[in-house]
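Keep in mind the model is a prediction, meaning the values are calculated, not measured. Reminder, nothing fancy here: chain letters follow the sequence lines and each chain counts from 1.
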Amino acid sequence: MQWVGIFFSLPWARGLALVKNFTIPPIVLDFGGKSAYIQPKMSELAKTFSPKDIEDKWYGAWLANNCFDRAIELAKPPFCIAMPPPNVTGVLHMGHLLNNTLQDLLIRYARHSGKSALWIAGTDHAGISMQVRVEKELAKKGIDKNTIGREKFLEYACLWRDEHGGIIFKQLRKLGVSCDWKNTKHTLDDDYSRGVLTAFVELYKRGYIYRGRRMVNWCPVSLTALSDEEVKMVPQKGKLYYVKYWLVERPGECIAVATTRPETIPGDVAVAVNPADERYKDLVGLHCVRPLSDTPIPIIADEAVAKNFGTGALKITPAHDRIDFEIGQRHSLPVIDVLNPDGTLNEHGGEWRGMDRFDARNAIAKKLGEVGLLIKEEDHENNVGFSERGNVPIEPKLSEQWFLRYPKIEEAKAAVRGGIIKFYPERWTKIYLHWLDNIQDWCISRQLWWGHRIPVWYGKNGDKNDSKNWHVSVDGPADRENWEQDEDVLDTWFSSWIWPFGVFGWPDRSKMTESGFDYFFPTDDLVTGPDIIFFWVARMIIASLEFIGEEKSSLAMDEIKSRIPFKNVYFTGIIRDSLGRKMSKSLGNSPEPLELIEKYGADGLRLGLLMMAPYGQDVLFDEARILQGRNFCNKLWNAARFRLMQQSNHGKASLQELVARINHLESDDQAILLQLIACKRNVDAHMGKYEITSALQRAHTFFWNSYCDWYVEVSKHRVQGGERDALIVHDMVMRQVLLTLNPFIPFITEELWHACGYGRGNLPMQWEYCEAADDLLAIFEPLRMKESSLVEAERKHNFVNACRLLLSQNKRISSKSAKIIVNLCDKGDENLICDALKRMLNVSTIEFTDEELPLPATISDLGTVYIAANGSASAASLQSRRDKILKEIDELGGLIALNESKLSSANFIEKAPENVVDGARKLLEDNIVRREALIKILASL
RNA sequence: GGGGAAUUAGCUCAGUUGGUUAGAGCAUCAGCAUGACACGCUGGGGGUCACUGGUUCGAAUCCAGUAUUUCCCACCA
């Protein structure tokens with residue numbers, strides 16, 4: 001026996017208890033009325049849970065035991081999640097935290113449900129943002145990427161990526177996530193890249209990819225085209241300039257045009273009006289002079305012009321506006337591009353050549369004013385497209401790009417509409433379908449170096465614009481010297497969209513087999529934010545439908561089923577601060593995830609996040625919730641600690657074995673076990689619907705309220721008296737609580753699992769099956785538990801609550817000197833009021849009576865309860881009690897009246913279902929009885 | 001302009017297909033060193049369920065309209 005310390009039960013000696021903790025069983029020494037405990041060490045748990053002590057230990061153990069490895073176990077159902085790949089050089093932020101906590105929860109939950117769960121992790125090469133970063137790094141060293149050239153730049157970028165990449169994975173491990181770390185993917189890995197290029201080549205062959213000169217969104221900072229999805233509309237305050245265009249055929253007359261962009265005037269090739277516009281009818285077909293030049297341009301009519309905006313006349317600049325471009329096409333107008341790629345004016349800009357577009361806007365407006373062409377300026381607010389990356393207005397620009405006409409659009413719609421792929425919350429399906437209904441071709445080429453270079457080669461001796469001189473393949477032409485590869489790379493999202501099968505090595509069949517594609521695919525759940533529903537979710541569905549299985553132009557429903565990338569999509573909310581603002585660096589409102597883990601522990605953080613993440617809504621981050629998460633962990637810790645302080649440990653046994661050892665269960669025991677079953681049933685039901693917070697809430701309430709607050713207290717005297725059956729029930733409950741909570745809070749549950757000795761061998765608990773409600777029912781069957789025990793326990797609970805209320809309302813009677821006297825409704829209930837209840841109430845005596853006493857009293861399910869001071873009753877203040885009773889009588893009166901009026905209505909009796917009517921009757925009777933009893937109490941006071 | 005969502009206690013949210021007098025956590029107030037836990041325990045106060053109508057025996061719940069907030073899509077220069 002190992003002696004660990006001495007604990008004095010004196011107030012001044014309490015400090016000692018904090019220094020060292022004690023376990024069971026205490027040997028009590030008597031020092032003349034003051035007792036001291038000396039305890040042998042059986043198990044050691046600190047008084048307060050300290051996450052730091054266990055987290056690294058267990059994460060290491062999980063890795064050492066290959067807990068997260070992919071295992072193709074045909075006997076088990078598979079479960080798979082492909083993690084949305086974070087940017088390779090990204091660092092953990094709050095969004096990742098929530099997203100990955102949810103995924104880890106689902107994965108661990110699946111493991112406990114007997115599935116072989118695989119969580120595939122990987123990183124994204126993050127095209128533009130990564131390239132910009134590397135350029136900046138180079139610039140710091142005084143290096144310009146154009147001087148070192150493409151190859152050197154890429155070398156440097158790879159180096160930089162390898163050096164700074166993967167930090168996020170290290171951070172994620174702190175959170176406890178259980179990914180298959182041995183097989184992580186990066187979108188620029190060789191095999192994955194082959195997949196990306198294969199997708200391009202296949203789609204090209206199938207006629208979905210084409211090259212064309214079209215209007216694209218041009219980012220003047222990143223100097224690349226962007227897809228429509230990468231453009232954000234931002235309201236801007238600007239000016240609307242009214243400009244005179246002199247008529248050629250009618251000297252002295254003019255047509256007024258309103259524009260927000262005078263700097264594009266040098267690119268004007270026409271003025272257009274609506275054909276139905278009476279004001280301008282006779283001008284159509286004439287010409288006007290482009291301001292600040294002598295060039296005549298035609299006045300044309302086009303339906304696209306709105307009569308009621310500005311003057312109703314629109315200047316047409318096909319190179320700088322989408323609608324203008326379309327009008328230009330319809331009327332065969334020339335295209336004059338007046339801007340350089342970086343947004344400065346080019347040679348068409350004349351005296352403003354080289355000036356930035358916004359400076360030129362002011363300069364040209366000023367000039368127009370000077371030469372008398374500016375009629376007026378108006379303040380004007382409009383939406384301007386911004387480049388998400390460069391954070392500058394994008395420029396609609398005509399350029400040569402690669403485009404994808406999406407395949408399998410109808411099938412992608414059908415998959416989600418038909419519920420083959422389910423969205424949670426469901427409302428996102430509508431947004432998804434709407435996007436697909438209005439889908440535009442995807443500009444997939446980017447004028448960058450960092451990424452997958454477009455696998456198209458142009459014959460050196462042929463016409464680049466003639467596709468006969470193109471070579472399109474993954475490996476390129478054999479005689480490379482005669483070819484030049486396309487300079488551009490693919491949009492990052494063009495690599496992400498094959499993620500769910502690319503991570504299995506697609507299209508390499510042997511790699512796919514080896515990596516478990518046939519077993520794990522389609523993946524089960526995708527957890528992501530709704531902000532990338534178009535960027536990523538929809539495109540993955542399309543890619544999967546197109547590439548999984550043989551080439552087919554259209555798919556039937558059952559074929560769709562076999563080609564989907566995932567079955568369920570869970571959309572998380574966006575994390576905001578407690579004021580509802582987005583987390584941002586400039587606001588400084590984003591907490592540092594690692595600091596939170598440091599402060600509250602990974603479990604506390606996970607729990608807090610899950611508690612504050614309502615289903616289908618944004619998450620308002622509040623550190624107080626993380627604190628709550630930590631507090632919960634501490635509560636759990638102490639519940640286990642309490643169990644360990646008791647004598648024997650019945651842990652190392654299966655649930656069945658525990659059940660077999662039980663001799664007799666009291667109603668309290670039965671009640672908690674029945675509640676345990678109900679708890680598990682509720683948790684599973686909510687988990688099945690991804691209602692994580694509700695699932696957690698159920699487990700929380702069961703553990704804290706039903707178990708700790710009631711059952712532990714009511715069974716304490718039995719447990720501390722070493723009663724075996726009660727101890728076994730504690731073990732059964734704790735065992736299941738730990739298993740149920742393990743997916744939410746893996747570290748602390750693992751620690752306690754082993755500390756309590758529930759583990760068979762030293763196996764990590766993730767491999768333990770967590771019994772479902774029906775399993776529990778079957779296992780508990782030999783116990784022959786009665787539902788009525790729930791009622792009995794509830795009546796006791798009600799009695800205790802009534803007494804507590806009475807005690808708190810009669811504070812002048814100190815609880816130590818208080819005496820509870822009960823006038824039982826049913827004398828048979830006397831045995832229900834046991835020592836345990838006395839202890840719970842902290843009163844020394846509970847007596848019984850048959851009389852009505854002139855004492856403060858209340859009504860409980862077991863009977864009328866009186867309170868008296870030991871010795872004399874006069875110490876009590878009766879007046880406040882009287883007021884309370886009067887208030888209650890009053891409330892009961894209202895309730896009785898309500899039910900009476902209900903029951904007196906023939907309509908109600910006739911039309912309401914029987915059980916509702918009966919319920920009302922019963923309520924009425926009960927309340928009348930209760931009111932009478934209260935009136936009696938009042939009279940006796 | 002089109003569509004979605006939200007509106008319940010001071011705050012954050014639950015509230016199953018309509019059925020007792022609407023719940024929880026936090027906050028607040030009062031009490032409590034009780035042989036697991038003060039990161040705790042016990043009790044109290046606090047709500048015209050945004051508003052207006054309608055359906056119904058019965059509405060926080062269903063329907064219509066209004067208001068406010070918010071997100072997404074479109075983009076009229």
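- Among the atoms of the strands shown, base atoms are found under 4.0 Å from some heavy atom of A:Met233.
- Looking at heavy-atom distances under 4.0 Å, A:Asn899 makes no contact with the nucleic acid at all.
- Ionic pairing of A:Lys397 and A:Glu395 is not present here: no N-O contact between side-chain nitrogen and carboxylate oxygen is shorter than 4.0 angstrom.
- When heavy atoms are screened at a 4.0 angstrom cut-off, A:Lys716 is found touching base atoms of the nucleic acid.
- The base of B:rC75 lies close enough to the side chain of A:Asn383 for a donor and an acceptor atom to sit less than 3.5 Å apart.
- A:Arg630 comes within contact range of at least one nucleobase, with a heavy-atom separation under 4.0 Å.
- A salt bridge links A:Glu378 with A:Lys376: the distance from a Lys NZ or Arg NE/NH1/NH2 to an Asp or Glu carboxylate oxygen falls below 4.0 Å.
- Contact annotation for A:Asp324: no contact, since no heavy-atom pair falls under 4.0 Å across all strands.
- Ring orientation note: the planes of A:Tyr424 and A:Tyr690 are tilted relative to one another, at an angle of 30° to 60°.
- Across all strands shown, A:His380 has heavy atoms under 4.0 Å from sugar-phosphate atoms exclusively, and none from any base.
- Across the strands present, B:rC51 finds its partner in B:rG65; the criterion is a Watson-Crick or G-U wobble pair with both atom distances under 3.5 angstrom.
- Nucleotide B:rG23 forms a pair with B:rC13, judged by Watson-Crick or G-U wobble geometry with both contacts under 3.5 Å.
- Nucleic acid contact class of A:Asp709 (heavy atoms, under 4.0 Å, all strands): sugar-phosphate only.
- Nucleic acid contact for A:Pro913: base, since at least one base atom lies under 4.0 Å from a heavy atom of the residue.
- Among the heavy atoms of the strands, none lies under 4.0 Å from A:Cys633.
- Distance check on atom C1': B:rC29 versus B:rU66 gives 39 Å, rounded to whole Å.
- For A:Asn907, whose side chain is taken as the heavy atoms from C-beta onward, the closest listed nucleotide among B:rC57, B:rC13, B:rG19 is B:rC57.
- Under the 3.5 Å distance criterion, with hydrogens and angles disregarded, no donor-acceptor pair is assigned to the side chains of A:Glu229 and A:Trp536.
- A salt bridge is absent between A:Arg290 and A:Asp268: the closest approach of a Lys/Arg side-chain nitrogen to an acidic carboxylate oxygen does not fall below 4.0 angstrom.
- Among the protein residues, A:Glu713 comes within range of the nucleic acid bases, having at least one heavy atom under 4.0 Å from a base atom.
- Judged by distance alone, with hydrogens and angles left aside, A:Lys635 brings a side-chain donor or acceptor within reach of the base of B:rC37, the pair sitting under 3.5 Å.
- Note on A:Arg930 versus A:Asp926: no salt bridge recorded, every NZ/NE/NH1/NH2 to OD/OE distance being 4.0 Å or above.
- Of the nucleotides present, B:rG4 is the one that pairs with B:rU70 by Watson-Crick or G-U wobble criteria, both distances under 3.5 Å.
- The existence of a salt bridge linking A:Arg921 and A:Asp918 is confirmed by a sub-4.0 Å separation between a basic side-chain nitrogen and an acidic carboxylate oxygen.
- A:Tyr690 has its OH atom 21 Å from the C1' atom of B:rA14, to the nearest Å.
- In this structure, A:Lys430 and A:Asn631 both approach RNA chain B, and ranking their closest nucleotides by distance from the 5' end singles out A:Lys430.
- Dashed line: the shortest gap from a side-chain N or O of A:Gln697 to OP1 or OP2 of B:rG23 is not under 4.0 Å.
- Across B:rG19, B:rU42, B:rA77, the shortest atom-to-atom separation from the side chain of A:Thr259 is found for B:rA77.
- Taking atom P in both B:rG23 and B:rG4, one finds a spacing of 33 Å when rounded to whole Å.
- Each of B:rA77, B:rC72, B:rA14 was ranked by its minimum atom distance to the side chain of A:Ile431; first place goes to B:rC72.
- Using a 4.0 Å cut-off, no side-chain N or O of A:Asn638 falls inside it from OP1 or OP2 of B:rC39.
- Residue A:Phe534 is classed as a sugar-phosphate contact, given heavy-atom separations below 4.0 Å to backbone atoms only.
- The shortest distance between the side-chain N/O atoms of A:Trp704 and the OP1/OP2 oxygens of B:rG25 is not below 4.0 Å.
- Among the atoms of the strands shown, base atoms are found under 4.0 Å from some heavy atom of A:Ala258.
- The gap from the C1' atom of B:rC13 to that of B:rA60 amounts to 14 Å, rounded to the nearest Å.
- Comparing A:Ser905 and A:Met840 by the nucleotide of RNA chain B whose heavy atom lies nearest to each, the residue mapping closer to the 5' end is A:Met840.
- B:rU17 sits 24 Å from B:rU55 when the P atoms are compared, rounded to a whole Å.
- Comparing the P positions of B:rA64 and B:rG45 gives a spacing of 39 Å, expressed to the nearest Å.
- As judged by a 4.0 angstrom heavy-atom cut-off over every strand, A:Val257 is placed among residues making no nucleic acid contact.
- If you take atom C1' in B:rA9 and the same atom in B:rA5, they sit 23 Å apart, rounded to whole Å.
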